[in-house]
Novice: 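Starting off with a structure, shown below.
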Amino acid sequence: MAKDDKNPQGKRKWYQLLGDGFKIAKKSYPYLPWLLIGVFVVVTGGFILIGFLLDNWILWTISGVILGPMLAMVTLTRFIESASYKQMEGMPGAASAVIGRIRRGWSFQEEPVRFNARTQDMVFRLIGKPGVVLVTEGPTNRVNKLVEDERKQARRIAPNVPVHTVNVGTDDGQVRLAKLMKSLKKLPKKLTSAEVSVVAKRYDSIKTNQLPIPKGIDPYKMRPDRKATRGR
């Protein structure tokens with residue numbers, strides 16, 4: 001197979017992506033290049049020094065040369081992630097970018113379920129073991145109306161399922177974008193995987209069929225499909 005076939009046009013290599021990430025991080029942290037050099041020098045030099053003190057400098061030098069770049073790479077990755085969050089913060093729909101990285105066990109859609117076109121306030125909905133989680137963008141007092149409308153719908157679809165609200169933003173009492181994932185993980189687990197699947201399917205059926213929502217539906221009393229025992 002020709003080399004061009006293995007690397008189709010437009011496909012970037014890992015070091016190119018890393019270089020792009022470095023440029024992004026450097027915009028937010030101008031001191032980053034010196035920090036990375038410092039990490040490499042301190043780690044590598046520290047191992048070499050220990051090697052001389054223990055009279056085994058060859059082994060310790062090799063370890064330092066290996067671990068120095070590795071720790072510098074880990075540091076760079078952390079700063080790239082932090083800079084990405086910092087630059088996205090305040091942009092409409094930024095929470096969706098974080099939600100899109102969530103792992104298995106959750107059901108969600110990237111589009112907001114409630115949206116105010118004038119103020120750009122929005123509410124995203126996730127369904128997981130904590131229950132229904134509403135992630136908002138916008139000032140807390142202004143987005144409350146959207147949240148309450150979505151809570152009313154949640155009470156009609158699954159009345160016994162807990163509903164949590166996570167307000168993303170930079171105001172007091174709000175969760176910074178970089179800490180959104182951690183906040184979701186801290187929520188208490190109330191549902192099983194099977195119950196998560198039942199609630200998610202109920203929302204999907206309402207959205208697909210656009211039928212009136214029957215009252216009194218209780219996911220704890222519904223018999224889920226045994227094959228659907230995992231959330232998306």
Side-chain angles (χ1 to χ4, degrees), residues 20-32 35 74-191 196 199-200 203 206-207 231-232:
D20 292 341
F22 174 79
K23 293 177 182 178
I24 293 174
K26 189 180 177 183
K27 290 181 181 179
S28 297
Y29 306 102
Y31 57 85
L32 181 60
L35 177 63
V74 171
T75 303
L76 174 59
T77 302
R78 294 292 179 86
F79 272 81
I80 290 174
E81 183 178 10
S82 178
S84 299
Y85 286 134
K86 188 175 181 180
Q87 293 178 23
M88 287 191 301
E89 200 164 46
M91 298 176 59
S96 177
V98 179
I99 293 172
R101 299 176 53 216
I102 204 165
R103 295 182 179 180
R104 295 177 59 183
W106 291 82
S107 173
F108 64 91
Q109 59 185 65
E110 296 183 1
E111 298 80 12
V113 295
R114 302 283 174 177
F115 177 70
N116 187 319
R118 182 177 62 84
T119 63
Q120 298 293 299
D121 297 339
M122 56 190 74
V123 178
F124 298 91
R125 182 182 63 236
L126 300 88
I127 303 170
K129 290 185 178 181
V132 176
V133 182
L134 306 179
V135 178
T136 74
E137 287 186 4
T140 303
N141 60 341
R142 198 172 65 194
V143 81
N144 278 343
K145 179 61 171 59
L146 299 177
V147 172
E148 185 55 33
D149 290 342
E150 188 60 27
R151 279 182 172 273
K152 289 178 180 178
Q153 185 182 49
R155 286 194 291 267
R156 292 196 300 267
I157 296 175
N160 289 340
V161 174
V163 179
H164 306 272
T165 302
V166 179
N167 299 308
V168 175
T170 58
D171 296 336
D172 292 339
Q174 292 187 317
V175 176
R176 301 296 291 261
L177 188 65
K179 296 183 178 180
L180 174 56
M181 194 73 73
K182 184 182 295 185
S183 297
L184 294 176
K185 292 179 180 179
K186 287 183 177 180
L187 293 174
K189 309 296 188 296
K190 298 295 184 180
L191 305 183
V196 171
V199 177
Y203 269 100
I206 295 299
K207 182 177 66 174
R232 281 183 283 168

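Both backbone and side-chain heavy atoms feed into the values below; hydrogens, waters and symmetry mates do not.
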Novice: Could you pull out all donor-acceptor pairs under 3.5 Å where a side-chain atom in residues 126-135 meets a protein atom, sequence neighbours excluded?
Specialist:
none

Novice: Show the numbers, then the answer: is there a side-chain contact (heavy atoms from CB on, under 4.5 Å) between M181 and V98?
Specialist: CA-CA 7 Å; M181 194 73 73; V98 179; 3.9 Å; yes
Novice: Got I157 and V199 here, is their nearest side-chain heavy-atom distance under 4.5 Å?
Specialist: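 The answer is no, as the side chains (C-beta and beyond) never meet within the 4.5 Å cut-off.
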Novice: For F124 and I99, work out which heavy atoms get closest and say how close.
Specialist: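 Taking F124 first and I99 second, the nearest heavy atoms are CB-CD1, 3.7 Å.
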Novice: Provide the closest heavy-atom pair for N116 versus R118 in the form atom of the first, atom of the second, distance.
Specialist: OD1-N, 3.0 Å
Novice: What is the minimum heavy-atom distance between A83 and I24, and which atoms define it?
Specialist: CB-O, 4.0 Å
Novice: Any idea which heavy atoms bring R151 and T165 closest together, and the distance?
Specialist: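 So the two residues come closest at NH2-OG1, 3.1 Å.
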Novice: For a quick check under 3.5 Å, do Y29 and S82 share a side-chain donor-acceptor pair by atom type?
Specialist: yes
Novice: For residues 158-176, which residue pairs pass the salt bridge (charged side-chain N to carboxylate O under 4.0 Å, His left out) check, not counting sequence neighbours?
Specialist: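 Checked against salt bridge (charged side-chain N to carboxylate O under 4.0 Å, His left out) - neighbours excluded - the pairs reaching residues 158-176 are E89-R176.
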Novice: Would F115 and Q120 satisfy side-chain contact (heavy atoms from CB on, under 4.5 Å), going step by step from the backbone distance to the final call?
Specialist: CA-CA 7 Å; F115 177 70; Q120 298 293 299; 3.9 Å; yes
Novice: If you count the non-hydrogen atoms of other residues, nucleotides and ligands that lie under 6.0 Å from NZ in K186, is the total more than 12?
Specialist: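 No, the 6.0 Å shell around NZ holds no more than 12 heavy atoms from other groups.
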Novice: Looking only at heavy atoms, what is the nearest atom pair of L32 and A25, with distance?
Specialist: CD2-CB, 3.5 Å
Novice: What pairs meet the salt bridge (charged side-chain N to carboxylate O under 4.0 Å, His left out) rule with one or both residues in residues 135-150, with sequence neighbours excluded?
Specialist: R114-E150, D121-R142, R125-E150, K145-D149, E148-R155
Novice: If every non-hydrogen atom of Q174 is compared with every non-hydrogen atom of G138, which pair is closest and at what distance?
Specialist: NE2-O, 3.0 Å
